[in-house]
Each structure stands twice: as C-alpha cells, then as structure tokens.
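Worksheet for the structure shown next.
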Amino acid sequence: MRIGEAAAAAGCTPRALRLYEERGLLPPPGRTASGQRDYRPAEVALLRVIRELLNSGFTIEDLRSCADRLHLLTEDPPPRCGAADAPEGSGSGVVGRRLAALDAEIARLVRLREDLARRVFGDDARRPVPEPAAVTASTPVTAPVTGPTVTVGPRVLLD
C-alpha cells in the first residue's frame with residue numbers, strides 16, 4: 001500500500017507517517033520499482049499502535065526509547081510483562097517517567113487553579129470555587145484511531 005493509503009488506514013497523515021519514520025518509530029518501508037514507499041499490513045498495524053500510544057499521552061521521544069519493542073504490541077492480544085515477568089534491568093521506565101510527568105503537570109495546574117481562585121475570590125472561604133469542567137476518558141482530544149486496541153498497563157512492554 002502506498003503512503004496515502006497506509007496513513008489513511010492508520011488514521012494519520014502522510015506527513016505524520018514520514019515523521020515517525022524519520023524519528024525511528026517505524027522501520028524504513030520497502031520501495032516499489034519506481035521508488036515509492038510500499039507499506040505492508042504489519043507496518044500499518046505498527047503505525048496504529050504508535051498513534052494509539054501517542055493519543056494515550058506518550059511523546060515521540062518516549063516511544064523512541066522503546067521503538068525496538070513497539071512491534072510486540074501489534075500482537076493480538078498484546079503480550080504483557082508484569083514486574084515478576086520482566087528480566088532485571090530490561091526496562092526503560094518510559095511508563096513510569098510519563099506518569100511522573102503527568103502527575104507533575106497535574107500538580108502544577110492545581111497550584112495555578114488555586115492561585116487564580118485566591119486572586120479572584122480572596123481568602124473568603126464562604127465563596128464557593130466553581131468545579132472544573134468534567135473531562136472523561138471519552139473526551140476527544142484528537143481524531144480517533146482505528147485498529148487493534150493497545151492495552152497499556154503499569155509495566156507493559158514499554159517499561
């Protein structure tokens with residue numbers, strides 16, 4: 001399949017697909033006789049996994065640190081490796097680092113919110129501070145990704 005077809009099948013753009021290749025998340029694809037990229041179903045499945053992980057809050061740099069293992073998440077169902085199963089020293093800790101970064105960002109935002117509420121309402125405890133808008137797991141952040149679901153547990157193959 002050509003780059004446009006592969007990108008559409010994975011829910012991204014050809015430009016994003018090229019970026020993932022440049023950053024080492026995808027192996028270089030085969031080429032047609034005329035030199036055009038030629039993607040196989042396995043590469044499209046990997047692209048779907050990458051898109052889902054990015055939509056789950058991982059960064060491209062996070063995924064680069066474990067790019068050699070991303071293809072394992074294309075299996076159905078994806079294999080798990082819990083703390084007891086993981087060989088000693090085998091993990092990159094990308095899940096732990098991402099969770100820590102998200103926790104730090106949440107703490108920063110809570111401090112910002114509290115500071116703003118104090119500035120607006122002062123120290124008057126009788127004044128209710130409005131609750132933040134509810135954000136659920138189903139709140140769309142980007143375009144949905146189609147394809148197999150990737151289960152990201154505390155120590156999946158990314159750790």
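Values in this document were obtained by computation on a predicted structure and should not be read as measured data.
For the side-chain contact (heavy atoms from CB on, under 4.5 Å) test, residues two or more places apart in sequence or in another chain that qualify with Leu102 are Arg98. For Arg119, the side-chain hydrogen bond (donor to acceptor under 3.5 Å, both in side chains) criterion is met by Asp115, not counting sequence neighbours. For the side-chain contact (heavy atoms from CB on, under 4.5 Å) test, residues two or more places apart in sequence or in another chain that qualify with Ser34 are Thr32, Gln36.
Under a cut-off of 6.0 angstrom, the local environment of CZ in Arg18 is crowded, with over 12 non-hydrogen atoms contributed by other residues, nucleotides or ligands.
A donor-acceptor pair under 3.5 Å links the side-chain atoms of Asp62 to the main chain of Thr59, judged by distance alone. A donor-acceptor contact shorter than 3.5 Å links the side chain of Arg48 to the backbone of Ala9.
Once rounded to the nearest 0.5 Å, the distance linking CD of Glu43 with CE of Met1 reads 9.5 Å. Here Glu5 contributes atom CD and Asp38 contributes atom CG; the two are 9.0 Å apart, rounded to the nearest 0.5 Å. Here CD1 of Ile60 is found 4.5 Å from CG of Leu19. Values are rounded to the nearest 0.5 Å. Rounding to the nearest 0.5 Å places CG of Leu116 at 12.0 Å from CG of Leu109. The CD1 atom of Ile50 sits 5.0 Å away from atom CG of Leu25, with the distance rounded to the nearest 0.5 Å. Between atom CZ of residue Arg111 and atom CD1 of residue Ile106 there is a gap of 12.0 Å, rounded to the nearest 0.5 Å.
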request  = Begin from the C-alpha positions of Arg64 and Glu61 and carry the test salt bridge (charged side-chain N to carboxylate O under 4.0 Å, His left out) through to its verdict.
outcome  = CA-CA 5 Å; Arg64 280 186 71 190; Glu61 290 306 310; 3.5 Å; yes
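Using a 4.5 Å cut-off on side-chain heavy atoms (C-beta onward), Leu17 and Tyr39 make contact. For the pair Pro14 and Arg37, the minimum side-chain heavy-atom distance is 4.5 Å or more.
A salt bridge links Glu105 to Arg108: at least one charged side-chain nitrogen sits closer than 4.0 Å to a carboxylate oxygen.
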